Each structure stands twice: as structure tokens, then as C-alpha cells.
Amino acid sequence: MIVENVINEINRSLEVVLTYYKLNRSEVNFEITEPHVKDFGDFSTNICFLLAKKLKKSPNEIADHIVNTILPTSKILINKNGLIEAVSFLNPGFINFKINNKVFVNEFFKEGTNNPKFDTEYKNISNSNELILIEHTSVNPNKALHVGHLRNAIIGDCLYRILRTAGKDVRVINYIDDSGVQVADIIVGFKHAGFSTRINDQELSREKTKFDHYCGNEIYVKTNELYKSRPDLEIKRNTILKELEDPESETSNFTKTIVDRVLKDQLKTCWNLRCRYDLLCFESQIVQSNLWNDIFSILRDKGIIYYEKVGKNSGCWVYKSTKEGEKVLVRSDLTLTYFAKDIPFAVWKLGYLRNPFVYAFYATQWDSSVLYRTKIEKNGSETFESSSDLEKESLIDFNRISKVITIIDSRQERLQNLLVEILGKLGMDSSKYKYLGYEPVILSQSSLDSLGISVKDKNSLHMSGRKGIYIEADMALSNLEERSKAETRNRNPELSEEEIASISKEISISAVRYFFIKFDFGKMITFDIKESLSLEGDTASYIQYAYARGKRVEDKIIEASFLKIQNNLENKFEIMDFSSTEIDLIKHVCRYDIELKQAANNIDPKVLSKYLFQLATLFNNFYEKSPILKEKNVILATYRALILNNTLEILKRCMSIIGISPLKRM
RNA sequence: GGGUUCAUAGUUCAGCAUGGAUAGAAUGACUGCCUGCGGAGCAGCUGGUCGAGGGUUCAAAUCCCUCUGGACCCGCCA
């Protein structure tokens with residue numbers, strides 16, 4: 001809050017300056033930024049460059065005038081108790097503001113990070129009249145998650161945590177495509193290619209694998225290979241797809257049990273990484289809900305789609321986009337394309353038309369929240385099976401939907417563009433629909449080597465579930481866990497194996513989460529099992545280590561009754577001279593709310609991960625240069641202990657938003 | 001062919017939305033620092049014509065155009 005106060009103060013002053021020139025903010029939209037050279041000051045403004053044109057003077061002249069004439073005479077900025085200590089200007093015409101560190105630090109100690117004022121804005125979630133829906137993960141339930149899926153799930157989960165912490169009401173949806181070709185492929189494998197379904201979970205765990213891995217590695221990949229030599233299987237697949245349209249068919253029931261087993265295993269992986277969801281949406285139920293029929297008639301009646309009579313799309317219902325060309329929605333055999341099925345789901349998420357679902361209990365998650373699944377409403381209360389089931393609008397209040405965020409591989413951006421176009425033409429506020437596209441995760445040469453795949457003329461390769469080119473999420477995580485176990489054991493020989501295992505688990509989860517959010521969405525990630533999951537440098541471990549060291553000091557302070565913090569400190573702030581290390585750390589701690597807001601506004605977790613890493617760096621600096629237990633000056637030591645407390649608090653908050661475990665030992 | 005997107009230090013990346021002063025990290029290499037509040041750390045050193053060219057501007061890594069190179073999309077697949 002303090003940093004924001006300073007910015008507001010500068011803002012006000014500059015607006016007063018503008019009135020001196022008989023101008024206002026809308027005419028001169030100046031900015032207040034932080035100069036990258038520390039000596040210039042804490043904040044600076046470009047106002048003189050903007051005024052130069054209007055006043056026909058050089059920026060330097062104007063800066064001189066503002067700093068030496070307007071500001072001193074109007075007495076608006078610099079006063080003895082204010083947070084701004086000095087204003088100066090520098091070629092080519094920046095005005096720089098320097099914070100009065102003593103006043104600032106004084107404010108910091110008074111306010112602290114535990115003061116509710118620190119994030120008052122973020123408290124009234126339940127009163128919010130806005131609701132944000134995030135869809136993420138959405139992996140086809142025919143295989144285990146690979147590291148590419150992790151990028152999706154972790155971005156989504158971090159966004160959920162960021163928006164929640166920033167005071168937004170958020171629900172998370174996981175879309176389960178249980179009636180598509182990919183699921184049909186493994187059903188073909190089970191029913192017609194002789195693969196066994198009888199392997200039960202005990203047998204699987206004896207083989208150190210899970211049902212989702214079994215389906216992905218054995219059934220999905222091998223069935224796809226069989227299609228080459230056995231075209232009859234492809235015909236069987238089409239039959240299965242048809243049969244899946246009838247929810248009461250034997251095939252549907254069989255598929256349901258398979259999908260459920262895979263899904264439960266996929267969720268184990270997601271939960272293991274501390275992702276959580278509110279609702280599972282099954283595609284089969286969107287289809288059964290007949291939402292498509294409602295939308296189809298609107299699309300047809302409004303002339304948004306048309307029936308093609310000639311040419312390659314003859315016999316199909318087609319949407320024609322001016323920008324993106326034509327897209328078939330209904331095939332000539334009357335089945336829907338993948339794209340068409342996406343429309344009712346998007347429309348449902350935006351809260352238009354009716355809501356055909358009630359929500360049934362599915363599972364209790366790692367954070368003890370309940371995960372629900374969609375269930376078609378038939379005739380009121382008869383659909384309820386248990387007391388845990390929820391009423392229609394109690395999980396998602398569609399009247400409050402303000403934004404729908406879909407996290408999706410950027411290869412699907414074109415279709416998402418089309419979707420947004422159609423939503424607009426249907427008369428919906430398509431600006432509420434945001435798809436967040438991220439570039440895929442690809443495999444490095446050494447990752448490919450470890451899979452025994454060799455590719456000519458390339459040093460990386462896209463993953464493919466169908467071709468068996470991927471690194472499984474569970475594998476990557478357990479690999480990292482083994483490495484951190486060795487490291488933890490080495491550093492803490494006195495700990496029991498259980499403790500080492502639990503610590504290593506937290507370290508590896510944190511490392512994976514941090515790794516997948518620190519890149520820009522627009523950058524491909526080349527995944528390398530060794531280099532990507534490092535434990536040194538710009539990693540979660542670095543941050544955890546900083547926290548653990550700090551926590552250790554804090555514990556020792558308490559154990560030794562070393563200091564009675566907060567006693568006898570009133571009004572002594574002025575006499576202390578804090579080092580630049582300490583002041584830099586305090587200032588950074590005070591930026592927490594600004595950074596959180598920015599991460600929320602930009603819908604970008606990377607903002608927060610950068611902030612957190614820098615915070616840990618400044619803390620490590622402080623740790624080296626400002627000893628507490630060894631400091632002989634008791635007052636100074638007490639202040640440092642306060643800085644420590646506050647920093648640890650913000651570190652912890654920030655870490656929990658990204659999903660990095662604050663460990664006391666590691 | 002049409003479109004989207006990326007290109008910044010040896011390597012992996014921030015910074016680009018909203019132009020601003022001397023372009024930042026991490027890693028690698030090299031040098032110091034543990035009987036010290038935990039060395040998964042700290043300090044130092046090395047490393048850049050911001051892919052190329054043009055334009056707009058007082059000012060361009062950032063905005064616009066062209067080109068080069070990579071990735072992706074353009075299906076009655078999902």
C-alpha cells in the first residue's frame with residue numbers, strides 16, 4: 001500500500017502542475033515509472049516530453065521550470081513529513097522523485113504486512129457481482145497426462161489462485177471429451193483388438209503403473225498402429241462413435257467405466273501437482289442436453305450458417321468467415337464436427353440459453369474441496385442421488401459471469417477466433433470470452449534420446465500421444481523427486497526416510513509448477529528432463545531455500561527469546577539508518593499488492609513468478625549482509641527481525657499463489 | 001499460396017501491451033567466501049551491432065512496412 005500511496009501523491013502533484021499550464025490529464029497522459037538506474041531516484045515521469053510539443057520548449061527547460069519554480073511555490077509535493085524527499089530533473093528531461101527512506105521505513109513498520117489494510121481490497125469475494133470461469137486441463141480421457149498437458153493445467157491453476165487472491169470469484173472447469181475419436185480408439189482396442197481390461201488397480205500398481213498409462217502406452221498407441229494393417233478396425237471405430245450417441249447403449253456403458261477409470265488416474269496426477277477444479281463437464285452430456293439443437297436453429301434462422309448444395313462441402317451446414325474462410329459444422333451424414341460441439345459448450349459457459357445441468361458429487365479433492373460433475377436434469381428432484389448433490393445455480397451463478405477464460409494450445413487459436421466470431425453473431429458479448437493460447441511443449445534431443453527416438457536434421461520434436469512420443473507427467477515428477485531425495489538426504493542425514501520423502505515431494509512439485517509458468521505464453525518450451533527440472537538458479541528451490549533459511553532464523557529468535565519484538569520501538573524509527581540492502585528489500589516487499597494486481601489484470605502468472613524470484617534474491621542478500629542473531633545492537637537486530645517477519649509473510653503468500661510449498665527444512 | 005507467431009549474452013529466457021535515460025536475469029566458464037542466522041547460498045569477472053533493412057518520432061528491443069530463418073494453422077480429424 002505504501003508504494004501505491006507514493007505513486008498517488010506524485011500523480012496528484014503532477015496534475016496540479018498541469019493546471020498551472022491550463023491543461024488536464026486527458027490532454028497530457030503522463031506516466032510514472034521506475035527508472036532502471038537506481039541513482040536517478042525511485043520514480044520518474046515523462047511529463048516534460050509530452051509538454052514539450054504543446055509549450056514549444058525543450059523538455060529540459062520545462063523540467064527545470066517545474067522542479068525549480070512550480071513545485072516549490074505551490075508547495076504541493078515536498079514537505080518534511082512526506083514520502084517524497086527530493087525532486088530533480090536530468091537530461092533529456094525526466095523528472096525524478098526520491099523517496100524519503102526514513103519516512104517510508106517508518107510507515108512500513110507501522111503498517112506491516114499483517115495489517116489488514118495491506119490487502120483490504122481483496123476481501124469481499126462473496127459480495128462480488130462478477131464471476132470468472134476458467135477452463136483448463138481438458139485432456140482426452142484415453143491416456144495419461146504428458147508434460148505438455150502440465151503447462152495447460154499449471155497455468156490454469158495459477159490463474160485461478162491469482163484471481164482468487166485478487167478478490168475475484170472464480171470457478172474452474174475441466175472439460176472431458178468422453179465421446180470423441182480418441183476415446184473410441186481405446187474402446188476399439190479393448191473390444192476388437194484383444195487388449196485386456198481386466199487388469200485391476202492392484203495388478204497395475206504392482207507393475208508400478210496406472211490405468212491411464214496402460215491405456216495411453218498400450219492401447220492407444222498400439223491400436224493406432226493396428227489401423228494400418230487392419231482397416232476393419234477403423235470401421236469398428238465409426239460404429240462405436242455412432243453407438244456412443246445413445247447413452248443407454250452397451251458401448252456407452254462400457255465406455256463410461258473405462259473413461260471413469262482413466263479420469264480418476266488423470267486427476268490423481270493433477271491433484272498431486274495441487275491443481276483443483278470445481279466441475280467436470282462431460283462432452284457426452286453436452287451432446288445429450290440438446291443444447292446444440294437450440295443453437296443450430298438460431299444459427300440457421302439468423303442466417304449465420306447455410307446449407308451448401310454444391311462443391312466440396314455439398315450437403316453440409318457451413319459457416320463462412322470473412323477472415324478465416326469456410327468451416328463445416330454439420331457433415332453431410334448429419335454428424336457434428338469437433339468445432340460444432342464446441343459452440344454449445346462456449347454458449348453454456350457464457351450463461352446464454354438454458355442451463356440443462358445439475359451438479360453431482362464426484363470426489364473430494366486434496367484441498368478438501370468438492371469436485372462436482374455435470375448431470376443432465378430430468379424432472380426436478382428425481383435426479384438427485386445423494387445429499388452432496390447441488391442445486392442448479394448454486395455452483396455457478398450464470399447471471400454473474402463476467403469472463404470466461406479458456407486455456408488452450410495455440411494451435412487451436414484459429415478455431416477459437418471462429419468461435420468468438422460466431423458468439424458475437426449470436427448476439428452475445430463475445431468480449432467476455434477469452435481464450436488464452438500458449439505455445440506447445442516440445443522435447444529436446446536428449447529427451448528424445450532417452451525415449452529411444454532418433455530424428456534426422458532436428459534437435460527437438462513435438463509430442464504426440466498417438467505416436468507415443470511424449471514424456472509422462474508422472475514420470476517427470478517421480479524422476480525429479482528421486483533427484484531431490486538424494487539431495488535432501490545428503491543435506492539432512494538426521495532426517496527419517498519419511499521426512500525426506502515428504503520434503504522431496506514438495507520440492508519437486510514446486511519446481512515443476514514454477515518451471516511451467518515462468519515462460520511467456522508465446523514461447524515454445526523445449527522440455528529436457530535434466531535441464532528443465534533443475535534445482536538451482538531461477539527455480540522454485542531457490543525461493544524455498546530462501547524461505548527455509550529465513551524461517552530457521554525466525555525460529556531461533558523465538559526459541560532463544562532473543563528479542564521481544566515490538567517492545568519499546570515506538571517512535572524510534574527516525575534514528576535508525578538502514579542499509580540499502582534492507583531498504584531495497586522493504587520496498588520490494590511493499591510492492592506485493594501492485595504485482596498481484598498486475599498479474600490479475602494481465603491474466604499472467606509470470607508477473608508474479610518474476611516478482612517472487614526477485615523477492616527471494618533480495619532476501620538472500622539481506623540474509624548475507626544483515627545478521628540478526630549476531631547483531632549486537634539490540635534495536636537494530638529487532639528491526640531486522642521485523643523485516644524478516646514481514647518478508648517471510650509476503651514470501652509465503654506469494655509462494656502459495658504459485659503453488660510453491662513454504663518448507664521449514666529442505 | 002493465405003494467415004498466426006517467434007527471433008535479445010555461448011545457452012535458456014525477462015523486458016515489447018502503454019516508445020524514454022547506461023537493455024536485465026538465470027545458466028555456463030573463470031575468481032573469491034562455510035569453526036559464521038543453512039554454501040540448493042553470497043560476492044566478483046566474462047559475455048549483446050536486441051535476426052537484417054527501411055519508416056514514424058525529439059526518442060525504437062518496444063510501433064509500422066519489407067525481407068530472412070524457425071514453429072504452427074488453413075480437413076465432412078480432434
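No experiment lies behind these values; they were computed from the predicted model shown.
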Using a 4.0 Å heavy-atom cut-off across all strands, classify A:Lys606 as base, sugar-phosphate, or nothing. sugar-phosphate

Among the nucleotides B:rC76, B:rU5, B:rC37, whichever has the atom closest to the side chain of A:Glu439 is B:rU5

Any strand: nucleotide that pairs with B:rC77 via Watson-Crick or wobble, under 3.5 Å: none

Quick one: label A:Asn417 by what it contacts on the DNA or RNA (base, sugar-phosphate, nothing), any heavy atom closer than 4.0 Å. nothing

Return the nearest nucleotide to the side chain of A:Gln598; candidates are B:rG41, B:rA21, B:rA17. B:rA17

Heavy atoms only, 4.0 Å cut-off, all strands: where does A:Ser314 land among base, sugar-phosphate and nothing? base

Sugar-phosphate only, base, or nothing, as touched by A:Lys664 at under 4.0 Å among non-hydrogen atoms: base

Where each residue is assigned the nucleotide of RNA chain B containing its nearest heavy atom, which of A:Glu413 and A:Lys518 is assigned the position nearer the 5′ end? A:Glu413

Base of B:rA26 paired with side chain of A:Ser534 (donor-acceptor, under 3.5 Å): no

Starting at atom CD1 of A:Ile442, determine the distance to atom P of B:rC72, rounded to an integer number of angstrom. 9 Å

Check the distance between B:rG39's P and A:Asn492's CG and give it to me in whole angstrom. 13 Å

Taking any heavy-atom pair under 4.0 Å as a contact, classify A:Asp555: base, sugar-phosphate, or nothing. nothing

Tell me if the side-chain of A:Ser332 makes a donor-acceptor pair with the base of B:rC76, cut-off 3.5 Å, by modelled atom types. yes

Kindly point out which of B:rG20, B:rA14, B:rG38 is positioned nearest to the side chain of A:Phe94? B:rG20

How are the rings of A:Phe519 and A:Phe515 set relative to one another: parallel (under 30°), tilted (30 to 60°) or perpendicular (over 60°)? perpendicular

Picking from B:rU22, B:rG75, B:rU18, the nucleotide nearest the side-chain atoms of A:Phe40 would be B:rU22

B:rC72: pairing nucleotide in any strand, Watson-Crick or G-U under 3.5 angstrom: B:rG3

Start at the 5' end of RNA chain B and walk down; is the nucleotide closest to A:Ser626 or to A:Leu415 reached first? A:Ser626

Counter-base of B:rG24, judged by Watson-Crick or G-U geometry with both distances under 3.5 Å: B:rC13

I want to check a possible cation-pi pair here: A:Arg466 against A:Tyr220, using under 6.0 Å from ring centre and within 45° of the ring axis as the test. no

Report the glycosidic orientation of B:rC50: syn if within 90° of 0, anti in every other case. anti

Given the structure, check if the side chain of A:Asn46 and the base of B:rA59 hold any donor-acceptor pair shorter than 3.5 Å. no

Under 4.0 angstrom between A:His36 side-chain N/O and B:rA21 OP1 or OP2: yes

By the Watson-Crick or G-U definition, both distances under 3.5 Å, B:rC30 is matched with B:rG44

Rounded to whole Å, please give me the gap between NZ in A:Lys530 and P in B:rG28. 15 Å

Between atom CE in A:Met524 and atom P in B:rA7, what is the gap in whole Å? 11 Å

For A:Lys551, is the NZ atom crowded, meaning more than 12 foreign heavy atoms sit under 6.0 Å from it? yes

Which part of the nucleic acid, if any, lies within contact of A:Pro35, taking any heavy atom under 4.0 Å across all strands shown: a base, the sugar-phosphate backbone alone, or nothing? base

A:Arg665 side-chain proximity, nearest of B:rG38, B:rA78, B:rA43: B:rG38

Take atom CZ of A:Phe519 and atom C1' of B:rU8, then tell me their distance rounded to the nearest Å. 15 Å

If you look at every strand shown and take non-hydrogen atoms under 4.0 Å, does A:Asn620 touch a base, only sugar-phosphate, or nothing? sugar-phosphate

Without decimals, in angstroms, what is the distance between A:Tyr542 OH and B:rA25 P? 12 Å

Is a side-chain donor-acceptor pair under 3.5 Å present for A:Asn60 with A:Ser58? no

Between OH of A:Tyr438 and P of B:rC6 the distance, given in whole Å, is 17 Å

Using a cut-off of strictly less than 4.0 Å, decide whether A:Arg331 has a side-chain nitrogen or oxygen near OP1 or OP2 of B:rC77. yes

Nearest-nucleotide pick for A:Gln182, side chain only, options being B:rC42, B:rG38, B:rA78: B:rA78

Complement of B:rU49, any strand, by Watson-Crick or G-U distances under 3.5 angstrom: none

When we call it a touch if two heavy atoms are under 4.0 Å apart, what does A:Arg411 touch: a base, just sugar-phosphate, or nothing? sugar-phosphate

If the plane angle is over 60° it's perpendicular, under 30° parallel, otherwise tilted; pick one for A:Trp317 and A:Phe296. perpendicular

From B:rC76, B:rG20, B:rG38, nucleotide with atom closest to A:Met666 side chain: B:rG38

Counting only side-chain N and O atoms of A:Tyr547, is one of them less than 4.0 Å from OP1 or OP2 of B:rG38? no

Check whether any side-chain nitrogen or oxygen of A:Lys556 sits under 4.0 Å from OP1 or OP2 of B:rG38, and answer yes or no. yes

Closest nucleotide among B:rC77, B:rG75, B:rG41 to the A:Val181 side chain: B:rC77

In whole Å, what is the span from the CG atom of A:Leu329 to the P atom of B:rA78? 12 Å

Tell me what A:Asn621 touches on the nucleic acid: a base, only sugar-phosphate, or nothing, going by heavy atoms under 4.0 Å. sugar-phosphate

Mind checking if A:Glu531 touches a base, just sugar-phosphate, or nothing, with heavy atoms under 4.0 Å? nothing

Using a 4.0 Å heavy-atom cut-off, does A:Thr488 contact any base of the nucleic acid, only the sugar-phosphate backbone, or nothing at all? base

Looking just at side-chain N and O atoms, do A:Tyr338 and A:Gln412 make a donor-acceptor pair shorter than 3.5 Å? yes

Going by atom types only, do A:Asn621 and A:Lys625 share a side-chain donor-acceptor pair under 3.5 Å? yes

Regarding A:Arg665 and A:Glu494, does a basic nitrogen lie under 4.0 Å from an acidic carboxylate oxygen? yes

Pairing donors with acceptors under 3.5 angstrom, does anything connect the side chains of A:Ser284 and A:Asp178? yes

Does any donor atom in the side chain of A:Gln544 or A:Ser510 lie under 3.5 Å from an acceptor atom in the other side chain? yes

Could you tell me whether A:Ser44 contacts a base, only the sugar-phosphate backbone, or nothing, with contacts defined as non-hydrogen atoms closer than 4.0 Å? base

Whether A:Arg549 contacts B:rG39 is assessed here as follows: a side-chain N or O lying under 4.0 Å from the phosphate OP1 or OP2. Is that the case? yes

Per A:Glu536 side chain, nearest of listed nucleotides B:rA21, B:rG38, B:rG41: B:rG41

Please tell me if A:Lys523 has a side-chain N or O lying less than 4.0 Å from either OP1 or OP2 of B:rA14. yes

OP1 or OP2 of B:rG41 under 4.0 Å from side-chain N/O of A:Tyr623: no

Can you tell me which nucleotide in B:rG41, B:rG24, B:rA26 comes closest to the side chain of A:Asp538? B:rA26

